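Notes to accompany the following structure.
If you're wondering where the values come from, they're calculated on a predicted model, not measured in any experiment.
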Amino acid sequence: MPSTQELNRRIKSVKSTRKITRAMQLVSAAKMKKSQTIAMNSRKYAHLAWELINNVAKAERQHQLLREYPDAKKIGIVLVTTNRGLVGSFNSNLIKRLIEEEQKDSTFKTELIVIGRKGANTAARLNKTIVADFEKHDATIPISEIYPIVKYLTELYNSGEYKNIYFLFNHFVSTLKQETKLKQILPIIPKSEHQTQTIGTEVIFEPNGQKVLSHLLPRILESQLYQAILESDASEHSARMMMMKSATDNAGELVDDLTLTFNQLRQTKITTELSEITAGRIALE
């Protein structure tokens, strides 16, 4: 059994750890609230923008970003992870989903465009093919950082080597729940009539469909990637806050257990000393 001095040192150490996890919990809670608000506020716009382009795409299928390449042998996946750990299964769930998708059809070569250091490090360790590695901001990403990523993705797809390009990220549901989501972003495939609301029976382009879509499609893709990163940020801060809360609670329980053991050991020591004193006095009498 450890001595009272060892227990005392351990109690101080756990209390110090609890202060750190508590501070991290409060910081994550503040970031979580901000990121959740931003993600929720922009979600409806991103959804309606995607519905818009699905409807418009029905009327114009000649644009290169709407074209399919049946002979392509590659799949591109934009993997959005975190830069830091302490987020539970946040990143591991993404990697698991990535591996599952690769195993569905081995005839296609999967290439990754990674956003976030954890995804880049894990993919490299697993010998995955990384064609681009973009920096992920710990703070809310400015929209200007989205432009070069989308430009790169459109250039990749226009090469004709990729059958599909997907976003793989964690979708924010609630503070306690995040869902791993794989969303096809290219080519843009119009949904069937029963799946989406139709804008009208006919779409008229002015000056023409190619010019309109050449301007509109990249903006829509930017909104979709921006929303995916916002959803990932909200999920990340929620997961980290819950992890730090759990660590703080566990540290508190450990302090209580150690304190109880310390008090019992000290009481036993005091009782033993009193017994020895009493026995010595009786012996002297």
Exercise. Would you say the side chains of S42 and Q227 form a donor-acceptor pair under 3.5 Å?
Worked result: yes

Exercise. Looking only at heavy atoms, what is the nearest atom pair of A251 and R18, with distance?
Worked result: CB-CB, 3.7 Å

Exercise. What residues, two or more places apart in sequence or in another chain, satisfy side-chain contact (heavy atoms from CB on, under 4.5 Å) together with K128?
Worked result: I99, E102, L112, A123, L126

Exercise. How many angstroms lie between CG in L168 and CD1 in I115, if you round to the nearest 0.5 Å?
Worked result: 11.0 Å

For this session: For residues Y69 and N158, report the shortest heavy-atom separation together with the two atoms involved.
Result: OH-O, 4.1 Å

Problem set entry | Donor-acceptor pair, side chain of Y147 and main chain of E222, under 3.5 angstrom | no

Exercise. Is the backbone of M242 close enough, under 3.5 Å, to the side chain of S246 for a donor and an acceptor to pair up by distance?
Worked result: no

Exercise. Counting only N and O atoms by type, is there a donor-acceptor contact under 3.5 Å from the side chain of E161 to the main-chain atoms of L156?
Worked result: no

Seminar exercise, completed: Correct closest heavy-atom pair for A49 and Q224 would be CB-NE2, 4.3 Å

For this session: Would you confirm whether S232, through its side chain, and N170, through its main-chain N or O, come within 3.5 Å as a donor-acceptor pair?
Result: no

Problem set entry | From CD (E236) to CD (Q178), nearest 0.5 Å | 10.5 Å

For this session: Return the minimal non-hydrogen interatomic distance between M243 and G88, and the atom names on each side.
Result: CG-N, 3.6 Å

Problem set entry | Heavy-atom side-chain proximity of I188 to W50 below 4.5 angstrom | yes

Exercise. Given the rule that I, L, V, M, F, W and Y join up when any side-chain heavy atoms are under 4.5 Å apart, are Y152 and L217 in one cluster?
Worked result: yes

Exercise. What is the distance from atom CG of N8 to atom CZ of F262, rounded to the nearest 0.5 Å?
Worked result: 5.0 Å

For this session: Could you tell me whether the side chain of T110 reaches within less than 4.5 Å of the side chain of Y166, counting heavy atoms only?
Result: no

Exercise. What's the shortest heavy-atom distance between S223 and Y45, and which atoms?
Worked result: CB-CE2, 4.0 Å

Problem set entry | Electrostatic pair D233:K136 at N-O distance under 4.0 angstrom | yes

Problem set entry | Minimum-distance pair of heavy atoms, taken over all atoms of A39 and A234 | CB-CB, 4.2 Å

Problem set entry | Residue that, paired with L221, satisfies side-chain contact (heavy atoms from CB on, under 4.5 Å) out of V150, I53, L216 | V150

Exercise. So, the side chain of S28 versus the backbone of Q25: is there a donor-acceptor pair under 3.5 Å, distance only?
Worked result: no

Exercise. For G76, does its backbone N or O pair with a side-chain atom of E111 as donor and acceptor, under 3.5 Å?
Worked result: no

Problem set entry | Test item: S174 side-chain N/O and K177 main-chain N/O as donor-acceptor pair under 3.5 Å | yes

Problem set entry | Pair E100-K104, salt bridge (charged side-chain N to carboxylate O under 4.0 Å, His left out): steps then yes or no | CA-CA 6 Å; E100 289 175 352; K104 284 183 179 179; over 6 Å; no

Problem set entry | Nearest-0.5 Å distance, NE2 of residue H215 to CG of residue L213 | 11.0 Å

For this session: Could you list the residues that satisfy salt bridge (Lys or Arg N to Asp or Glu O under 4.0 Å) with R97, not counting sequence neighbours?
Result: E101

Exercise. Do other residues, nucleotides or ligands put more than 12 heavy atoms under 6.0 Å from the CD atom of Q5?
Worked result: no

Exercise. Got a second to check how far L65's CG is from Y157's OH, nearest 0.5 Å?
Worked result: 8.0 Å

Problem set entry | Greater than 12 external heavy atoms within 6.0 Å of K183's NZ | yes

Exercise. Has the side chain of S13 got a donor or acceptor atom that lies under 3.5 Å from a matching backbone atom of R9?
Worked result: no

Exercise. Under the 3.5 angstrom rule, does the side chain of T122 hit a backbone N or O of G119 as a donor-acceptor pair?
Worked result: no

Exercise. Is there a donor-acceptor contact under 3.5 Å from the side chain of N83 to the main chain of R117?
Worked result: yes

For this session: Could you tell me the separation between the CD1 atom of I165 and the NZ atom of K74, rounded to the nearest 0.5 Å?
Result: 11.0 Å

For this session: Apply the side-chain contact (heavy atoms from CB on, under 4.5 Å) test between I11 and each candidate in L254, L258, D256, D257; give the one that qualifies.
Result: L258

